[in-house]
Amino acid sequence: MEYNFSEIEKKWQKAWEENGVYTVSNESDKPHYYVLDMFPYPSGAGLHVGHPLGYIASDIYSRYKRLKGFNVLHPMGFDSYGLPAEQYAIQTGQHPEKTTFANIDRYIEQLKKIGFCYDWNRQVRTCDPAFYKWTQWAFRLMFNSYYDTAKQKARPIEELVRKFEENDPNWAKMSEKERQEKLMQYRIAYLSDTKVNWCPKLGTVLANDEVSEGLSVRGGYPVEQRVMRQWSLRVSAYAGRLLEGLDRIDWTESLKETQRNWIGRSEGAEMQFNIKGQDAPFTIFTTRADTVFGVTFMVLAPESEYVARVVTDEKRAEVEEYLNRCKHRTERERIADRRVTGVFTGSYAINPLTQAEIPIYISDYVLAGYGTGAIMAVPAHDSRDYAFAKHFNLPIVPLIEGADVSESSFDAKEGKMINSGFLNGLEVKEAIAKMKEYITNTGIGRVKVNYRLRDAIFSRQRYWGEPFPIYYKDGMPYAVPEECLPIELPEVSDFKPTEDGQPPLGHAEMWAWDTANNKIVSKKEIDNKTVFPLELCTMPGFAGSSAYYLRYMDNKNDNALVGKAANEYWRQVNLYIGGTEHATGHLIYSRFWNKFLYDMGYVCEDEPFKKLINQGMIQGRSNFVYRYTGEGATGNLYVSYNLIDNEEYKGKVQPIHVNVNIVKNDVLDIQAFRNWMPEFKDAQFVYSDGTTDEDNPYIGTPAEKQYICGWAIEKMSKSMFNVINPDDVVAQYGADTLRLYEMFLGPLEMSKPWDTNGIDGVHRFLRKLWNMYEEPSDGEATAEELRSLHKLIKKVTWDIENFSFNTSIPAFMIALNELSALRCNKRAVLEKVAIVLAPYAPHIAEAMWHRCGHTTFVVDAEWPAWEEKYLEDNSVKYPVQVNGKMRFTFECPKDTPKEEVEKLVLAHEDTAKYLAGNTPKKIIVVPGRIVNIVM
RNA sequence: GCCGCAGUGGUGGAAUCGGUAGACACGAAGGACUUAAAAUCCUUUGGCCAGUGAUGGCUGUGCGGGUUCAAGUCCCGCCUGCGGUACCA
């Protein structure tokens with residue numbers, strides 16, 4: 001019988017679903033294992049072949065663990081709040097919920113076709129009120145908590161209130177508003193005026209990880225700095241723990257390194273500098289305490305609070321002009337334009353060691369958000385200070401012996417100190433330690449650890465996100481009671497900001513909180529006595545994705561994010577698979593969120609993801625046509641790729657993306673191209689042989705004429721017309737072929753272009769394998785058959801446990817070749833092959849399993865153990881003579897004693913032949929493996 | 001600039017602990033079957049050299065050194081590509 005993949009796949013997908021084969025229970029005697037994929041954002045474009053790569057890998061691992069006897073939690077859900085749906089809503093007027101749900105349906109349909117073993121009963125959607133209830137709940141909890149720096153953990157805000165009541169004499173005298181303001185400085189979710197990344201085009205604020213090189217990650221629009229009153233999460237309080245936790249989790253070194261850099265721990269010192277003529281000093285942060293003797297000026301960030309104190313009257317106008325200029329520069333301009341700018345404040349600081357008077361400047365190369373927003377400048381040993389000093393003609397004093405600072409600064413932390421008083425002669429590292437000791441003892445400063453990690457800005461001026469469970473009374477925020485959650489996203493008449501610049505929720509009519517009745521009422525009823533306005537911002541994308549893995553454990557629970565029993569059973573994600581693009585976003589926020597819940601006693605593990613594997617991206621292979629733009633161009637002449645470097649066309653063509661589905665082996669389907677879009681209807685071509693349509697008096701295109709397209713490897717995206725839809729691959733080859741092929745493409749972590757060359761080979765393999773199951777026979781397997789089988793089991797087991805899925809496929813192919821050479825159709829062998837194939841190609845494996853006479857599902861089978869005895873072969877192999885030495889390879893157990901190996905070697909017939917009666921000079925034995933005999 | 005990762009045939013890639021480099025697949029070439037095509041099957045396939053041939057020799061994992069009986073793998077110095085990050089004091 002033919003390998004009818006579509007029939008097989010439909011049949012078994014239906015059977016699995018009807019029998020609830022993949023439904024997972026929280027109660028089991030089996031050991032638990034939790035395999036998680038990063039849930040997708042359901043975009044309008046649907047899945048492309050790149051998305052399932054990680055899902056296939058996690059599915060293989062899940063199925064393997066199940067066969068190994070584990071109770072495996074393997075869920076899927078949707079990160080369904082976000083900007084694209086909202087942008088689409090603004091353009092079309094369609095409610096984002098409608099498009100989002102349609103997209104989710106499409107995603108589910110596509111995912112189901114690939115045969116994943118998800119327990120769909122556990123599906124979560126971040127835009128579902130039953131889900132975001134718990135996002136709001138967590139936010140509310142953060143609002144009502146503070147970070148106790150002594151205990152190094154989050155605690156309820158009541159504890160802080162009690163402390164103030166007991167220890168702070170002012171507390172009793174404060175008004176309610178003053179108390180709230182004071183508490184706000186401690187809350188883990190807090191409101192403050194912050195300098196934010198404002199994206200005018202998107203009309204919203206963005207978090208640091210949502211901005212790259214001054215442009216928004218989504219959309220690529222310019223971002224500028226603006227001070228706004230915003231919600232933030234005190235992620236920075238967890239910086240030390242987020243860093244330390246990395247040592248306890250099994251992630252790739254590169255990803256951990258990325259997080260370490262993002263957290264950016266730096267050990268240094270804070271030092272106080274007096275201002276000439278003033279009493280109060282100001283504080284700077286430095287990692288180079290050893291260089292104080294070379295400080296020749298000071299620099300403040302333009303936003304620094306010290307600025308107001310140090311500007312002299314005669315410099316005021318100049319300074320203000322400079323501050324103004326800084327304010328109006330966008331982040332992108334600031335990054336692009338690295339020219340030295342700055343202004344003298346008119347004041348001088350006193351160097352605490354040399355007592356020298358040094359000028360205080362303002363410059364935007366000093367950042368307000370890091371350290372204290374003020375630095376001591378040591379031009380000889382810091383390249384930025386150096387550039388500044390050169391520009392303003394400030395003195396440069398070298399502090400390290402032999403350092404040449406005539407052309408550039410000497411930034412390395414090595415060498416012997418000079419010009420440095422009591423530090424002279426010390427190595428830099430010693431000098432840093434000694435200076436730290438000195439400043440601590442004299443009280444000039446203290447040792448300080450700084451982190452680069454900032455608090456996460458949590459407000460978005462958008463519609464399609466979780467509403468805050470917050471109302472405002474007397475200008476101060478209050479949380480709605482826990483039992484009133486969720487606060488559901490209201491309907492609005494318009495998804496754009498309001499005319500007076502309020503976020504879209506400003507359009508919502510039913511958007512006020514009645515504290516007397518604890519319910520949402522109309523805005524018209526706001527009286528600021530019992531009815532108050534609700535927060536108009538919504539939460540950012542990472543809010544919903546920060547704890548979704550906990551919800552899967554217990555997604556039907558109405559009383560808790562995750563029940564205690566469920567959480568204590570599953571504990572944490574054992575294996576998480578997803579892309580590296582979340583390294584500094586989701587994967588930081590989730591860890592923070594989880595640690596917070598851990599502190600508050602709601603979860604039992606402080607790290608959410610025990611092991612994490614990054615899958616690479618599957619890139620697209622784009623094709624191009626080249627529009628002629630030279631002299632006399634009509635705009636519809638296209639030059640074949642092989643000609644574009646010719647004199648005639650060089651520099652006169654413009655590459656245009658062309659749909660890869662109308663290009664085969666880089667040859668354009670001319671008719672399909674003309675039909676593709678109206679603008680190409682009358683396209684004319686210069687063919688690969690240099691002739692044009694005018695040279696060819698045919699109607700249409702002669703068959704032998706070819707138009708060759710150029711190509712490039714790019715991101716797979718709709719706009720590049722290089723998207724390959726998995727549905728098409730499934731229809732043509734089947735899900736099992738797609739699964740095997742995606743794994744066969746190369747190592748999981750590597751990025752690679754999608755390339756259909758080779759998919760036929762994988763498909764052929766399945767077809768041949770299928771034929772072997774025509775009529776399985778009884779009877780005992782021969783030694784050779786068992787050797788093949790056990791080699792396969794050993795290999796596949798090793799591969800899956802080491803996430804080396806790509807190397808299993810050749811193992812299957814080799815086993816097939818060997819077994820078909822032996823004409824093996826023994827049930828005893830074939831049924832085991834079906835089991836080890838099941839994780840990779842579950843549909844065909846299920847069918848094969850049933851052909852072997854089984855009536856259960858293959859997922860209930862037991863993973864076969866390989867047995868060494870079938871593989872053992874102690875004979876000497878591959879004798880090779882190299883430079884008078886003989887080399888042997890043994891396949892025998894590692895722990896074979898040295899003498900045993902020597903005996904085996906000398907007894908071997910090949911050895912005897914080579915030795916020809918002579919005694920060897922030396923026998924080198926690496927136990928159990930290799931032998932060299934020197935004659 | 002800094003950090004991380006990679007570089008192996010025409011192509012994707014394998015070599016898992018330092019032990020026959022190029023598994024497996026694609027592509028290509030030749031052949032069988034066929035009226036023909038498709039499908040299928042068989043043979044060859046890193047390079048160079050010798051041989052009618054089985055086969056043998058040399059060379060070969062980005063470049064230059066080193067360690068080792070033995071290096072794609074380990075060490076040192078470069079080159080190239082990819083990814084992340086950037087006035088973080």
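Note that the structure is predicted; figures quoted are calculated from it, not measured. Quick note on labels: first sequence line is chain A, next is B, and so on, each numbered from 1.
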State whether Asn261(A) places a side-chain N or O below 4.0 Å from either non-bridging phosphate oxygen (OP1 or OP2) of G4(B).
no

Measuring from the side chain of [X] (C-beta onward, heavy atoms only), which nucleotide among [options] has the closest atom?
X	options	value
Phe744(A)	A89(B), A25(B), G13(B)	A25(B)
Phe285(A)	U85(B), A89(B), A23(B)	A89(B)
Val366(A)	A14(B), U40(B), A89(B)	A89(B)

With sequence neighbours excluded, tell me which residues meet ring pair (Phe, Tyr, Trp, His ring centres under 6.0 Å) with Phe744(A).
none

Give a yes or no on whether the backbone of Met617(A) and the side-chain of Ser751(A) come within a donor-acceptor separation of less than 3.5 Å.
yes

Syn/anti label of C79(B) as read from its glycosidic torsion, with the cut at 90° from 0:
anti

Report which part of the nucleic acid Arg260(A) touches: base, sugar-phosphate, or nothing (heavy-atom distance under 4.0 Å, all strands).
nothing

Which part of the nucleic acid, if any, lies within contact of Leu745(A), taking any heavy atom under 4.0 Å across all strands shown: a base, the sugar-phosphate backbone alone, or nothing?
sugar-phosphate

In which ranges does RNA chain B form stems of 3 or more consecutive Watson-Crick or G-U pairs, distances under 3.5 Å?
B:1-7 with B:79-85, B:10-12 with B:24-26, B:27-32 with B:40-45, B:46-50 with B:55-59, B:62-66 with B:74-78

Report the residue (Trp798(A) or Met813(A)) whose heavy-atom-nearest nucleotide on RNA chain B is the more 5′ of the two.
Trp798(A)

With sequence neighbours left out, write down each residue that passes side-chain contact (heavy atoms from CB on, under 4.5 Å) with Met772(A), or none if nothing qualifies.
Leu816(A), Leu819(A), Ser820(A), Leu830(A)

Count the heavy atoms of every other residue, nucleotide or ligand shown that sit under 6.0 Å from CD of Glu581(A), and state whether that count exceeds 12.
yes

